[in-house]
**Q** 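Quick one: this structure, given as structure tokens, is what I'll be asking you about.
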2 protein chains.
Amino acid sequence: MYVTLIRMSTVRGARERARIEVTAAIKDEARRRLADEGAAKLSLRAVARELGMVSSALYRYFPSRDELLTALIIDAYDSLGAAAEAAGAAALAAGSPPRARWTAVCEAFRAWALAHPHEYALIYGSPVPGYSAPQDTVVPASRVANVLIGIVRSAHEGRGLALPPLPATLRAEAGRMTAEFAEGLPPEVTAALVAAWAQLAGLVSFELFGQFNNVVEERDAFFAHAADQLAHAVGLPALGRP
Amino acid sequence: MYVTLIRMSTVRGARERARIEVTAAIKDEARRRLADEGAAKLSLRAVARELGMVSSALYRYFPSRDELLTALIIDAYDSLGAAAEAAGAAALAAGSPPRARWTAVCEAFRAWALAHPHEYALIYGSPVPGYSAPQDTVVPASRVANVLIGIVRSAHEGRGLALPPLPATLRAEAGRMTAEFAEGLPPEVTAALVAAWAQLAGLVSFELFGQFNNVVEERDAFFAHAADQLAHAVGLPALGRP
DNA sequence: CTCTTTCGAGAGCACTGCTCTTGCTTTGGT
DNA sequence: ACCAAAGCAAGAGCAGTGCTCTCGAAAGAG
């Protein structure tokens, strides 16, 4: 059994090695074309042409165009999640207080989105196919959220966060959400956290999708302030008062 | 000149009448197919087929598929804007205080989105074509924002809204935004309002695009609370204290 | 009644996702 | 070392797409 696991993760032969390489090459080329012209115009034939193979050969690696897009979505979630985790870890290593760590992660989120607009659109824009959310995407999708949860949790463990009580209609739901993925947090904080997560994406989406054109000019300063207000909304204490 | 204006708005002859009717029929059928299968799968040929005409004839009415989509986008903005305006006017007529009017408009926004998911995705999701935002869309696009601005402005004129001061980096920008489309509001409120507008869309988008699947179950209660918190963030006083 | 504009129909081009069949190469068991 | 099995690339082909062009008929203007 142990040996089997080892052999599963190692490269068995030239054939499997080639398959891995070709799969990666397809995804790379697809990502390049995605960055150039967006998901709508991503065509399997063009990817195959660019790779010097015929389009039908590509179906040995991805059973359909949607499956290729799903693979790109998972990679995008992982890339964005890694960026958020790195920003959180760096801020933690620098000894920043929770609120500064929160805004650092928000800034990293936005920076990644600005650097990979089409990949961001792929994951946080409108779902391109018949909006199928395969189970493979839920784990990578939760990485960003988990970073934010971790920051708020450490702040709560440190000095205790308090927010106004929830309306009666939301108390059970907030308790359930807390038990499910934010154990230890006050239910009010969990509810605020989930909302802040969506609101963060709303801010970035509006900037990226042109909704802020002719409205917001100083994007950096505007986002920094909005992210700080988001931190306030989840109960993180303001900086300056230790 | 007066006669000319009259004749511009009236129907000149059978030919123009037919053109208007056919144009409307094309948009209706396109909207129907959009609601069924989404913008990605909307095909001119299918629309023409359903209307009993040949695809090339459709190009007499819309020069390209993207132009048809743009027309649908404008209509969607107008429909959503009308829904928001109606909700705001109804709450005003009922004598509701600003904070209740704010949440009423937010609820109307969400209700419209849930009722027209693909049209919502068209305007607030990722831009489908080469992300062209024609100038024709900016006026209808601002209707929702104007309703929210109006509510906050009336609240400010009533008793004066106050929010913590802005960071220095944002003061000039907030002043510019205020002068441009929110005359009379404190700059801090204008900045919070623009952020809240994007955050509102973020909340709705997350629900609609499946990001809340397996996370938020009680969507109605969750959104109601989040919208209320948004009202708090722009400085609207809480209910219960007149 | 003419002449011009407008419109629908059809053919056609270049492209797409996807399937199926045909051979070639690598692999794993005997 | 051999040989069947599996994996693979290539090509042809199907149904569909956006869009262009030409042609004949209908409607409006003079």
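Reminder, nothing fancy here: chain letters follow the sequence lines and each chain counts from 1.
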**Q** Figure out the CG/P separation between A/Leu58 and D/dG11, and round it to whole Å.
**A** 15 Å
**Q** Please give, in whole Å, the distance from C/dT5 C1' to B/Arg19 CZ?
**A** 12 Å
**Q** Between A/Ser126 and B/Tyr120, is any side-chain donor less than 3.5 angstrom from a side-chain acceptor?
**A** no
**Q** May I ask you to decide whether A/Arg19 forms a salt bridge with A/Glu16, counting only side-chain N to carboxylate O separations under 4.0 Å?
**A** no
**Q** Any protein N or O atoms within reach of nucleotides 24-28 of chain D? Criterion: under 3.5 Å, listing atom names and distances.
**A**
from   : atom 1 : to      : atom 2 : distance (Å)
D/dG28 : OP1    : B/Arg15 : N      : 3.3

**Q** Side chains of residues 45-53 of chain A: which donor-acceptor pairs under 3.5 Å do they make with residues two or more places apart or in other chains?
**A**
none

**Q** What is the distance, to the nearest angstrom, from the CG atom on A/Leu68 to the C1' atom on C/dT16?
**A** 15 Å
**Q** Between C/dA9, C/dC7, D/dG11, spot the one nearest the side chain of B/Tyr61, thanks.
**A** C/dC7
**Q** So which atom in B/Ala30 and which in B/Leu72 form the shortest heavy-atom distance, rounded to 0.1 Å?
**A** CB-CD1, 4.0 Å
**Q** Apply ring pair (Phe, Tyr, Trp, His ring centres under 6.0 Å) to the pair A/Phe222 and A/Phe206, showing each step before the final yes or no.
**A** CA-CA 12 Å; A/Phe222 179 82; A/Phe206 261 42; over 10 Å; no
**Q** Can you give me the closest heavy-atom contact between B/Glu119 and B/Leu34, atom names plus distance?
**A** CG-CD2, 3.8 Å
**Q** Is a donor on one side and an acceptor on the other found under 3.5 Å between the side chain of A/Glu218 and the backbone of B/Glu173?
**A** no
**Q** CD of A/Glu21 versus P of D/dC8: gap in Å, rounded?
**A** 13 Å
**Q** Base contacts versus sugar-phosphate-only contacts with protein, heavy atoms under 4.0 Å: please encode nucleotides 13-23 of chain D as B, S and - from 5' to 3'.
**A** B---BBBBB--
**Q** Calculate the interatomic distance between A/Arg17 atom CZ and C/dT26 atom P; express it in whole Å.
**A** 16 Å
**Q** Just the rounded figure in Å: distance from P of C/dG8 to CZ of B/Phe62.
**A** 13 Å
**Q** Salt-bridged, B/Arg33 to B/Asp36, with N to O below 4.0 Å?
**A** no
